S.K.: 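Below is a structure I'd like to ask you about.
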Amino acid sequence: MTVVEESPRQDIPGVPVRIGQARGGPPRSQVLRRDNWRLQPILVAAGLLVFIGYSTWAALRNGDFYAGHLGRDYLSPYYSPCLTHSCTTAGYVWGGWSWWRISPAWLILVFPGAFRTTCYYYRKSYYRSFWLSPPACAVADAGSTNPGGVRSRYTGETLFPLILQNVHRFTWYFAVIFAGILTWDAIAAFRFPNGIGLGVGTLLFVAQAVLIWAYTLGCHACRHLCGGGLKRLSKAPVRHFFWKHVSTPLNHHHQLFAWCSLISIMVTDLYVWLVASGTIHDPRII
Amino acid sequence: MSVPTEPRTAGAVAGNGTAGAGAPAPHGTSATADATGPRQLHLQLWRGDADGGGFVDYEVPALEGEVVLDVVHRIQAEHAPDLAVRWNCKAGKCGSCSAEINGKPRLMCMTRMSTLDTSQTITVSPMRAFPVMRDLVTDVSYNFVVAARIPPFTPGPPEPDGTYRMAQVDVDRGQEMRKCIECFLCQNVCHVIRDHEDNKPHYAGPRFFARLAELEMHPLDTLDRRRLVSEQLGLGLCNITKCCTEVCPEGIHITDNAIIPLKERVVDARYDPVAWLGRKLLRRPRPAPASAVAVDLPVARGAHDPTIDGRSDPAVLGRNGRRSDG
């Protein structure tokens with residue numbers, strides 16, 4: 001094996017460490033784990049596939065995403081901000097893109113989709129569950145035990161397209177904008193025809209906004225921008241304050257908020273669809 | 001040593017449990033004993049070296065309060081005096097007894113038998129990412145070579161009174177990384193080198209990403225190691241599957257508090273045009289690149305034993321990164 005490192009000093013003798021030789025020990029293809037290590041990647045893959053499947057259906061639906069005609073200012077998160085004429089009553093200044101022919105959800109989903117795709121937690125999830133690289137700790141990468149096979153070489157996130165994971169912080173900027181839009185939707189959900197009110201849908205919108213913010217602000221890129229990139233946090237007390245509170249509990253529970261916010265988006269959209277299509281009536285609490 | 005090419009049976013080596021059954025219980029603490037005698041533990045230990053080997057069955061009586069290392073020591077004392085096992089403190093602080101117990105990388109001295117399903121056979125095998133020297137002992141020299149490639153802590157000039165001062169809040173982040181006991185379980189479980197041997201020459205691994213993060217966050221350090229960690233130490237190869245965090249016996253959040261912060265710092269340096277523009281406009285002073293002091297790196301320490309590396313044509317990674325003969 002050729003080693004490519006440049007040497008800072010040529011007069012220092014090499015330390016002999018074998019690379020590329022037989023290691024001994026049990027064969028790498030032999031899984032010695034006794035626990036049910038397949039369960040977690042299967043559950044994660046199932047969860048992500050359900051979300052992808054539901055989101056595809058919701059985006060293709062292109063209808064019943066706004067319940068304004070039934071006296072409820074509920075707008076599906078898949079269609080927020082509202083870009084079409086069908087929800088201009090919601091007061092969105094950007095509504096009324098009559099020239100946009102396909103579902104506006106596709107245009108909207110690009111941004112939160114990119115944020116979640118490049119998210120450090122979701123990367124772990126799909127690398128394990130779909131790439132099987134590795135499927136579980138101490139279980140060999142799929143294909144790595146076949147010398148010369150298609151998966152025998154591993155380059156991680158150093159080459160295109162996975163090197164694009166480094167844009168995560170830029171997707172975070174858009175995620176903050178969308179979290180703000182969903183917050184506005186939650187506020188709008190309090191508007192009823194005869195004033196301020198509270199419906200079951202309102203609670204769902206509020207919960208969704210809270211979870212989205214918890215997930216967005218707990219992002220590792222946010223944590224870095226708050227102060228993680230500093231050498232001396234003591235010299236920047238404001239950034240230290242934000243860094244500390246982003247780190248714990250938000251970043252510490254990033255995985256939890258990732259799933260909860262994902263589920264809340266689906267539940268909110270489903271509820272809006274059921275209300276907007278007239279399938280159910282939204283009970284008013286106050 | 002003679003290396004078994006096929007797994008040997010218990011009877012061939014350990015008397016199929018009958019030898020262990022009669023062993024006296026230390027201090028009479030055979031709490032699991034009942035009318036039929038002490039309950040038996042079934043273990044499979046890996047015996048062999050880099051050229052081959054296999055699992056060998058052993059049976060010993062169960063004793064209360066033991067850890068896996070205790071059982072391995074009993075096997076060594078009573079059935080297999082030639083069994084090689086590395087250990088030192090038996091307190092989870094020296095990082096010597098790393099192995100894979102039922103396929104999971106763990107410290108043998110910190111794995112209680114009561115946490116394992118002793119109704120089934122327990123396997124103990126050497127760490128898979130490193131060459132087996134003998135039985136449960138692996139050659140972890142690779143890690144020491146990597147360690148020597150990391151430019152050391154380089155403080156700036158002291159303050160006028162000749163001292164250095166650090167705020168506690170600045171020290172706290174790096175303190176977590178200093179809990180590392182260098183058991184190399186994280187290095188072992190990292191699939192980048194565990195499953196892809198060819199990455200070893202240009203990949204530092206989780207333990208040393210933690211070290212690099214500690215240095216990068218150190219309030220007194222003056223070096224910029226971001227380019228080094230990105231281009232030569234393979235940070236981009238890590239796909240943050242968090243296995244290193246899962247196996248760390250010290251509970252260090254290696255991925256969240258070391259690797260991801262390092263990745264974000266590399267983004268600052270290499271992929272973020274906004275950060276680049278900010279540096280240019282604000283004319284922030286740039287820390288010295290790590291290569292500026294690389295010539296002062298200490299000479300690497302590592303295994304020089306010719307019996308380990310004296311093979312006909314070993315491909316070896318040298319301290320200076322060039323191929324050399326063992």
Side-chain angles (χ1 to χ4, degrees), chain A residues 1-10 12-26 28 31-35 120 123-124 127-128 131 133-134 137-138 140-141 144-145 152-158 162-163 166-169 220-221 224 228-229 231-234 240 251-252, chain B residues 46 48-51 53 102-105 123 125-126 128 131-132 141-142 145 167 169-170 189 191-192 195-197 199-202 217 219 232 236-243 246 260-261 264-265 267-268 271 294-295 297 299-300 302 309 314-324 326:
Chain A
M1 174 177 294
T2 303
V3 179
V4 294
E5 182 204 2
E6 286 297 321
S7 168
R9 285 179 63 171
Q10 302 298 324
I12 300 175
V15 174
V17 174
R18 288 197 311 265
I19 300 288
Q21 297 268 319
R23 295 185 205 156
R28 281 196 295 118
V31 179
L32 294 173
R33 281 184 62 164
R34 299 282 176 77
D35 57 330
Y120 286 103
R123 277 147 76 174
K124 169 198 166 188
Y127 284 140
R128 282 198 188 189
W131 255 261
S133 178
C137 300
D141 285 10
S144 67
T145 54
S152 63
R153 186 164 172 260
Y154 172 84
T155 55
E157 297 179 342
T158 60
L162 293 181
I163 198 171
N166 289 303
V167 304
H168 183 51
R169 71 175 54 168
H220 292 84
H224 175 78
K231 268 189 181 285
R232 288 179 183 263
L233 284 167
S234 58
H240 175 232
N251 182 261
H252 191 67
Chain B
W46 181 267
D49 60 18
D51 293 327
N102 283 346
K104 283 188 173 181
T123 62
S125 52
R128 288 202 199 186
V132 176
S141 305
Y142 157 74
V145 173
V169 65
D170 295 326
V189 81
H191 72 116
V192 177
D195 297 333
H196 307 277
E197 178 82 9
N199 285 326
K200 274 187 177 174
H202 46 260
M217 294 173 185
Q232 295 190 41
L237 290 170
C238 169
N239 65 345
I240 49 173
T241 47
K242 283 200 173 183
C243 288
E246 285 188 21
I260 293 175
E264 287 296 319
R265 284 168 187 253
V267 173
D268 281 343
Y271 303 110
V295 292
L297 293 181
V299 176
D309 301 290
V316 296
L317 171 64
R319 155 63 182 81
N320 59 12
R322 297 197 182 281
R323 182 190 176 96
S324 61

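Here is the naming used below: chain letters follow the sequence lines, and residue numbers restart at 1 for every chain. Quick caveat: nothing in here was measured; it's all calculated off a predicted structure.
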S.K.: Donor-acceptor pair, distance only, cut-off 3.5 Å: does the side chain of B/N102 make one with the backbone of A/R34?
M.R.: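 Here the side-chain-to-backbone pair does not exist.
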S.K.: Examine distances only and state if a side-chain atom of B/D195 and a backbone atom of A/D141 form a donor-acceptor pair shorter than 3.5 Å.
M.R.: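 Present.
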S.K.: Do the side chains of B/R265 and A/H224 get nearer than 4.5 Å, heavy atoms only?
M.R.: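 Counting from C-beta outward, A/H224 and B/R265 do come under 4.5 Å.
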S.K.: Which pair of heavy atoms, one from B/V267 and one from A/N166, lies closest together, and at what distance?
M.R.: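 Answer, listing the atom of B/V267 first, then A/N166: CG2-OD1, 3.5 Å.
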S.K.: Under a 4.5 Å heavy-atom cut-off, does chain B meet the side chain of A/L162, its backbone, both or neither?
M.R.: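 For A/L162, there is no contact with chain B at all, as no heavy atom is under 4.5 Å.
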S.K.: Nearest 0.5 Å, what's the CZ-NE2 distance between A/R28 and B/H196?
M.R.: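 One finds 7.5 Å between CZ of A/R28 and NE2 of B/H196.
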S.K.: With rounding to the nearest 0.5 Å, note down the distance linking OG1 in B/T241 to CZ in A/R128.
M.R.: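 Those atoms lie 5.5 Å apart.
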S.K.: Measuring from B/I240:CD1 to A/H220:NE2, what's the distance to the nearest 0.5 Å?
M.R.: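 Taking CD1 in B/I240 and NE2 in A/H220, the distance rounds to 8.0 Å.
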S.K.: Under the side-chain contact (heavy atoms from CB on, under 4.5 Å) rule, what do A/Y120 and B/E264 come out as? Steps first, then yes or no, please.
M.R.: CA-CA 11 Å; A/Y120 286 103; B/E264 287 296 319; 2.6 Å; yes
S.K.: Tell me if a side-chain donor or acceptor on B/N239 pairs with a main-chain N or O of A/Y127 at a distance below 3.5 Å.
M.R.: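 No: the side chain of B/N239 does not pair with the backbone of A/Y127.
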S.K.: Just give me the residue among A/P26, A/S234, A/A221, A/G24 that pairs up with chain B most often, heavy atom to heavy atom, under 4.5 Å.
M.R.: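 Of A/P26, A/S234, A/A221, A/G24, A/P26 has the most heavy-atom pairs under 4.5 Å with chain B.
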S.K.: Between B/P105, B/C238, B/P261, B/P219, which residue shows the highest count of heavy-atom pairs closer than 4.5 Å to chain A?
M.R.: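 Most heavy-atom pairs within the cutoff with chain A belong to B/P219.
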S.K.: Which bit of B/S125 comes within less than 4.5 Å of chain A, counting heavy atoms only: side chain, backbone, both or neither?
M.R.: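 Looking at B/S125, just its side chain touches chain A.
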S.K.: For B/H191, give me all partners under ring pair (Phe, Tyr, Trp, His ring centres under 6.0 Å), at least two apart in sequence or on another chain.
M.R.: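 Ring pair (Phe, Tyr, Trp, His ring centres under 6.0 Å) check on B/H191 returns A/Y154.
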S.K.: When only pairs under 4.5 Å are counted, which of B/I260, B/V189, B/V169 shares the most heavy-atom pairs with chain A?
M.R.: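 Heavy-atom pair counts peak at B/I260.
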S.K.: Can you find a heavy atom in the side chain of A/D35 that is under 4.5 Å from one in the side chain of B/K104?
M.R.: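 When only atoms from C-beta onward are counted, B/K104 and A/D35 do touch, with a gap below 4.5 Å.
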S.K.: Kindly say whether B/R128 contributes a backbone atom to a donor-acceptor pair with the side chain of A/R23 at under 3.5 angstrom?
M.R.: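 Yes; at least one donor-acceptor contact below 3.5 Å.
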